[in-house]
Number of protein chains: 2
Amino acid sequence: MADTTETGLPRAVTIAWGMQEAPQRGPNRGLSHERIVAAAIEIADTQGLSAVTMQAVAKSLGFTTMSLYRYVSSKEELLQLMQDAALPLQEKVKLPQSWQQGLRAWANLLREAYRSHPWVLDLPRGQASVLMPNSMRAADLGLQAMRELPLSDFEKVGIILVISQHVAAAVELEQNLAAEDEVEISQEGMDTLREVVTAERFPHLVPVMDTGGYVAGAPAEADDEGVDPEYDLGLDLIISGLEQRISTQG
Amino acid sequence: MADTTETGLPRAVTIAWGMQEAPQRGPNRGLSHERIVAAAIEIADTQGLSAVTMQAVAKSLGFTTMSLYRYVSSKEELLQLMQDAALPLQEKVKLPQSWQQGLRAWANLLREAYRSHPWVLDLPRGQASVLMPNSMRAADLGLQAMRELPLSDFEKVGIILVISQHVAAAVELEQNLAAEDEVEISQEGMDTLREVVTAERFPHLVPVMDTGGYVAGAPAEADDEGVDPEYDLGLDLIISGLEQRISTQG
DNA sequence: ACCTGAACACCGTTCAAGT
DNA sequence: ACCTGAACACCGTTCAAGT
């Protein structure tokens with residue numbers, strides 16, 4: 001499925017690392033991988049992922065659709081490039097001293113990136129993405145936060161995965177709730193539902209629903225960083241689970 | 001975006017709860033919500049989500065494309081119905097006594113469901129899905145596992161979210177790695193990468209890569225249930241974090 | 001060499017018409 | 001009432017042709 005180059009790497013990977021220089025001889029009207037990806041991201045940010053069509057990207061650059069295929073061999077490849085470009089991590093970031101605060105700071109960086117480009121969450125996080133520059137920078141940074149921890153490499157990589165997946169899931173949830181403008185369940189709707197969600201069939205859920213703990217879901221004051229309680233809860237659990245694991249084996 | 005009925009609920013929700021009986025008068029060639037959803041799931045299971053087109057679903061049932069629109073007002077609605085139907089939980093399941101084992105058993109149920117219908121992971125887990133019958137059964141079951149725990153409703157719902165998101169992410173990863181037949185990075189590919197992933201720019205990642213801890217990723221012996229170490233690691237962390245939280249406040 | 005124009009095989013969805 | 005046939009406005013991608 002994913003196109004591979006003669007090096008055995010997915011083509012998107014080689015492009016992202018700049019190994020796929022577009023030959024610069026002959027007429028060059030100024031198209032490039034960078035410009036194409038940037039235009040596509042701009043569209044995704046403002047109009048959503050579904051608005052990213054080859055025609056829309058080309059048009060926004062003032063070229064014909066087909067010109068894109070000089071640089072990108074399929075739409076899938078373009079999406080992979082967008083995915084990596086949406087996580088622009090600086091090199092050599094300094095994290096807080098303690099590993100706990102370090103991991104939290106790292107998670108917050110990821111969270112910011114996901115929040116500014118929520119559509120990345122709709123893309124499958126496949127194997128290729130893990131080999132791309134910004135993903136690798138993120139991994140490096142996560143390992144930096146854990147550098148003093150007495151854990152195996154395998155465990156550290158696992159923790160990076162667990163945390164980044166949690167962050168992704170939390171932002172996805174946050175985003176879906178924020179889009180409730182359209183769906184907003186009315187009181188009448190909830191009443192209708194209660195007729196069929198009986199205490200007999202849902203003994204544990206019904207009490208929670210009746211106190212508004214299930215769907216009401218805190219209107220999210222979206223003021224600043226730390227407001228999403230679900231995000232904090234999960235991160236707290238993971239980190240204190242980690243403290244536990246270290247103290248019982250280190 | 002999502003169609004709502006006069007009750008204020010998304011149409012997919014009312015259909016899933018059986019509140020949207022298709023009127024049975026006049027000629028009825030035997031189409032129904034259930035048959036349409038089942039046919040669509042069959043296609044997704046065998047040929048992937050992208051093979052689920054309105055035309056393909058209709059054809060597999062022996063009807064024209066347009067006949068589906070009598071039952072489903074858009075493809076999005078059909079996808080929402082598929083999402084819920086892919087998680088067929090029995091009512092009144094008995095979970096192990098201890099809450100730890102209960103939560104593990106609950107997570108394993110979810111995992112099984114995701115594994116048999118991996119394409120659900122490609123669908124956005126929106127707000128509507130949380131109101132559908134099987135999602136609510138899953139929530140009820142998760143709450144059952146935690147019934148004796150001294151936690152607020154809010155915390156319990158948060159934990160259900162954290163765990164189910166972790167399970168989803170773990171299965172997604174597992175699935176992506178399993179699809180590595182196509183992408184399989186060659187040694188030559190890794191060598192090429194190493195030229196650009198320098199120890200100078202990736203000081204913490206490079207040692208891990210060189211010991212094969214980053215991308216090699218255990219060929220997954222896929223024999224039985226408990227083989228995915230990343231799944232276990234995350235679940236362990238969450239549960240022991242939970243033990244911690246309870247012991248310091250209960 | 002880079003880009004264009006025309007064309008192909010698909011999508012989801014609407015609408016008027018049949019029974 | 002349920003279903004069909006024709007049509008519309010889109011997709012991604014191909015290929016041969018222009019400069």
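Residue numbering restarts at 1 for every chain, and letters A, B, ... go by the order of the sequence lines. In what follows, every heavy atom counts, from backbone to side chain, and hydrogens, waters and symmetry copies are set aside.
Atom NE2 in B/His33 sits about 11 Å away from atom P in D/dC2, given to the nearest Å. Rounded to whole Å, atom P of C/dC3 lies 10 Å from atom CZ of A/Arg35. The CZ-C1' distance, from A/Phe63 to C/dG5, rounds to 16 Å in whole Å. What separates NZ of A/Lys59 from P of D/dC11 is a distance of 10 Å, to the nearest Å. The distance from atom CG of A/Leu68 to atom C1' of C/dC2 is 13 Å, rounded to the nearest whole Å. Protein atom CD of B/Glu77 is 15 Å distant from nucleotide atom P of C/dG12, rounded to whole Å. Atom CE of B/Met54 and atom P of D/dA7 are 21 Å apart (whole Å). One interatomic measurement links the two molecules: CG of A/Leu49 to C1' of D/dG12, which rounds to 15 Å at whole-angstrom precision.
Of the candidate nucleotides C/dT4, D/dT13, C/dC11, D/dT13 has the atom lying nearest to any side-chain atom of A/Lys75. Which of D/dC2, C/dC3, D/dT14 sits closest to the side chain of A/Tyr69 comes down to D/dT14. For A/Arg70, taking side-chain heavy atoms from C-beta onward, the closest of the listed nucleotides C/dT4, C/dC2, D/dC3 is C/dC2. Here the nucleotide nearest the side chain of B/Leu31, chosen from D/dG12, C/dG5, D/dC3, is D/dC3. You'll find that the side chain of B/Met66 is closest to C/dT13, out of D/dC3, D/dT13, C/dT13.
Of all nucleotides present, only C/dC15 satisfies the Watson-Crick or G-U wobble test against D/dG5, with each distance under 3.5 Å. With both pairing distances under 3.5 Å, D/dC10 is matched to nothing as a Watson-Crick or G-U wobble pair.
Proximity of B/Gln55 to the phosphate of C/dC10: no side-chain N or O atom is located under 4.0 Å from OP1 or OP2. At D/dC3, none of the side-chain N or O atoms of B/Ser67 fall inside 4.0 Å of OP1 or OP2 (strictly under the cut-off).
Sequence order on DNA chain D of the closest nucleotides to A/Ser74 and B/Gly62 puts B/Gly62 first from the 5' end.
For the pair B/Thr14 (side chain) and B/Gln20 (backbone), a donor-acceptor distance under 3.5 Å is absent. Counting only distance, with no hydrogens or angles, the side chain of A/Arg35 and the backbone of A/Gly30 share a donor-acceptor pair below 3.5 Å. For the pair A/His33 (side chain) and A/Tyr71 (backbone), a donor-acceptor distance under 3.5 Å is present.
A salt bridge links B/Glu200 to A/Lys92: at least one charged side-chain nitrogen sits closer than 4.0 Å to a carboxylate oxygen.
In plain terms, the two heavy atoms of B/Ala12 and B/Glu77 that are nearest each other are CB-CG, 3.9 Å.
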